[in-house]
Amino acid sequence: SIFILPIALFPLQVNADTEDRIVYTKCDINQYEDQLAPDWYLVEEGQVPEKCIIEEVPEQKIYLATNDTQYANQWALKNTGQTILGQSGTVGLDIGFEVAYPNIRNIPKGNTKIALIDTGVTIIPETSGQILPGYNVINDTNNATDDNGHGTFISSVIVSTVNNNQGIAGVNDRASILPIKILGADGSGLLSDLIKGIQYAIDQNVSIINLSLASTSYTSALNTIIEQAYQRGIIIIAASGNAGLTITTPTVSPLNNDGNRNWVIGVGSTDNRGTRMSYSNEGLGVDVLAPGENIIGYNHQNVLQYRSGTS
């Protein structure tokens with residue numbers, strides 16, 4: 001028979017009955033003495049048995065959200081309305097990290113390979129073991145070290161180790177980053193190198209290409225290589241750009257190089273209140289808004305800092 005602990009105050013009591021299921025009741029009664037038959041319990045000796053609906057659900061483990069020391073400052077992962085750099089947020093307006101992460105926490109690391117086409121990546125303690133050997137398109141070497149800080153920052157936001165009692169929690173620390181350096185120390189680069197970088201990512205069988213960059217104008221020269229990546233099943237994510245434009249015709253690359261077939265997922269920026277930032281381009285090619293204002297992460301010198309933008 002099933003033993004149910006007494007219900008003292010509330011009509012809903014949850015009890016772990018076995019290792020693989022939870023038995024609970026919605027009955028507003030004080031005590032169960034004995035089970036007479038399925039769903040029938042004697043409340044007190046001598047009384048008429050009272051019917052009580054008993055339900056079972058699968059047992060599951062629960063965890064603290066994360067013990068990363070800077071987690072309270074990561075409003076994008078959990079927005080409690082906390083104040084970040086002088087602005088209080090809107091409770092619950094976040095990416096739902098605490099709901100999503102338990103679904104991936106036991107997945108072996110490295111199953112998802114993300115090509116980060118950027119300024120390169122410098123390996124820091126938080127991302128150690130998550131960064132693959134990269135490629136420097138600029139000088140055709142394997143030295144993809146970051147001399148700007150942007151690429152390292154983006155990689156830290158994505159794959160920083162979760163629950164390691166330090167720093168920040170990455171959005172997905174099960175993924176690995178393939179650094180492809182096409183931008184120099186000043187944060188600029190050549191269109192031809194971007195094309196080569198995307199081709200290299202395709203050749204390395206990545207799952208995702210992250211393009212946290214935007215041009216000052218549109219060129220159709222990227223269409224062919226981006227379509228090729230799309231046809232290989234690669235998810236291509238591009239920043240909407242930080243020029244504050246309302247885009248009505250193809251204006252920004254690689255955002256608008258989607259052939260009007262959604263080859264590219266264009267991402268704009270919001271703050272911790274859900275407001276689109278004035279610098280975030282809107283319109284054609286922008287598919288989704290995501291947290292982008294006052295995001296905390298690490299630069300290439302392993303220093304925590306806040307950054308804002310559509311990256």
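Values in this document were obtained by computation on a predicted structure and should not be read as measured data.
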Trace of the side chain to side chain contact (heavy atoms under 4.5 Å, CB included) decision for I84 with N73: CA-CA 7 Å; I84 304 295; N73 294 318; 4.1 Å; yes
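- The backbone N or O of G244 lies less than 3.5 Å from a partner atom in the side chain of N281, making a donor-acceptor pair.
- Judged by distance alone, the side chains of H150 and S212 never bring a donor and an acceptor atom under 3.5 Å apart.
- By the 4.5 Å heavy-atom criterion applied to side chains, I168 and L304 are counted as neighbours.
- Looking at S128, its side chain never comes within 3.5 Å of a backbone N or O of P125 through a donor-acceptor pair.
- A pairwise comparison of heavy atoms in I114 and A175 identifies CD1-CB, 3.9 Å as the closest pair.
- Put simply, CG on L289 and OG on S269 are 8.0 Å apart, with the number rounded to the nearest 0.5 Å.
- Cluster membership for V288 and W75, using ILVMFWY side-chain heavy atoms within less than 4.5 angstrom, is shared.
- By the salt bridge (Lys or Arg N to Asp or Glu O under 4.0 Å) test, D147 is found to be paired with K181, residues two or more places apart in sequence or in another chain being considered.
- Across every non-hydrogen atom of V267 and A290, the tightest pair is CG1-CB, 3.8 Å.
- Side-chain contact between N205 and R232 is present, with heavy atoms from C-beta onward closer than 4.5 Å.
- V121 and L213 fall into different hydrophobic clusters, where Ile, Leu, Val, Met, Phe, Trp and Tyr residues are linked whenever their side-chain heavy atoms come under 4.5 Å apart, directly or through other members.
- Atom CD1 of I182 sits about 6.5 Å away from atom CG of D193, to the nearest 0.5 Å.
- For R273 (side chain) and S88 (main-chain N/O), a donor-acceptor pair under 3.5 Å exists by modelled atom type.
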V162/F97 under side chain to side chain contact (heavy atoms under 4.5 Å, CB included): CA gap, chis, key distance, verdict: CA-CA 11 Å; V162 177; F97 173 80; 4.2 Å; yes
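- Side-chain atoms of Q87 and D271 form a donor-acceptor pair, as typed in the model, at a separation below 3.5 Å.
- Each of V206, I209, N210 was scored for a side-chain contact (heavy atoms from CB on, under 4.5 Å) with L178, with one residue passing: V206.
- Residue M277 shares its hydrophobic cluster (ILVMFWY side chains chained together at separations under 4.5 Å) with Y279.
- The line from CD1 of I123 to CD of Q130 is 10.5 Å long, rounded to the nearest 0.5 Å.
- One side chain, D173 or Y101, offers a donor N or O that lies under 3.5 Å from an acceptor on the other.
- Under a 3.5 Å cut-off, the side chain of N272 and the backbone N or O of N79 do not form any donor-acceptor pair.
- A pairwise comparison of heavy atoms in A221 and I195 identifies O-CD1, 4.0 Å as the closest pair.
- Linking ILVMFWY residues whenever their side-chain heavy atoms come closer than 4.5 Å, directly or via other members, leaves I265 and W263 in distinct clusters.
- Taking CD1 of I225 as the start and CD1 of I198 as the end, the distance is 6.5 Å to the nearest 0.5 Å.
- In the hydrophobic cluster analysis, where Ile, Leu, Val, Met, Phe, Trp and Tyr join through side-chain heavy atoms closer than 4.5 angstrom, I138 is grouped apart from L194.
- Shown here are the salt bridge (Lys or Arg N to Asp or Glu O under 4.0 Å) partners of R276, two or more places apart in sequence or in another chain: E282.
- In this structure, S240 contributes its side chain and V286 its backbone to no donor-acceptor pair below 3.5 Å.
- Distance alone, capped at 3.5 Å, places no donor-acceptor pair between the N136 side chain and the T141 backbone.
- Looking at heavy atoms from C-beta onward, L183 lies out of side-chain contact with N148 at the 4.5 angstrom threshold.
- Looking only at distances, a side-chain donor or acceptor of Q82 sits under 3.5 Å from a matching main-chain atom of A72.
- The closest side-chain heavy-atom distance from N142 to Y135 is below 4.5 Å.
- In terms of heavy atoms, D68 sits closest to A169 at OD2-CB, 3.5 Å.
- Taken together through direct or relayed side-chain contacts under 4.5 Å among Ile, Leu, Val, Met, Phe, Trp and Tyr, F153 and I208 form part of one hydrophobic cluster.
- Proximity of Q228 to Q199: side-chain heavy atoms (C-beta onward) are separated by under 4.5 Å at one or more points.
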Worked verdict on R105 versus N163 for side chain to side chain contact (heavy atoms under 4.5 Å, CB included): CA-CA 10 Å; R105 67 183 307 140; N163 280 332; 3.4 Å; yes
Residue pair T127, S160: steps toward the side chain to side chain contact (heavy atoms under 4.5 Å, CB included) verdict: CA-CA 5 Å; T127 62; S160 283; 4.2 Å; yes
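- For the atom pair S311 OG and I154 CD1, the distance stands at 4.5 Å (nearest 0.5 Å).
- Although no hydrogens or angles enter the test, the distance criterion places a donor-acceptor pair under 3.5 Å between the side chain of N256 and the main chain of L284.
- Checked by atom type and distance alone, the side chain of K113 pairs as donor or acceptor with a backbone atom of Q204 at under 3.5 Å.
- Using a 4.5 Å cut-off on side-chain heavy atoms (C-beta onward), V137 and I180 make contact.
- The side-chain heavy atoms of Y218 and T249, taken from C-beta on, include no pair separated by under 4.5 Å.
- Across all non-hydrogen atoms, the minimal contact from N257 to V264 is O-CG2, 3.8 Å.
- A distance-only check finds a donor-acceptor pair linking the side chain of S215 to the backbone of S253 [under 3.5 Å].
- In this structure, L211 and I236 have side chains that are in contact, with non-hydrogen atoms separated by less than 4.5 Å.
- The shortest non-hydrogen separation linking E126 to Q166 is OE2-O, 3.0 Å.
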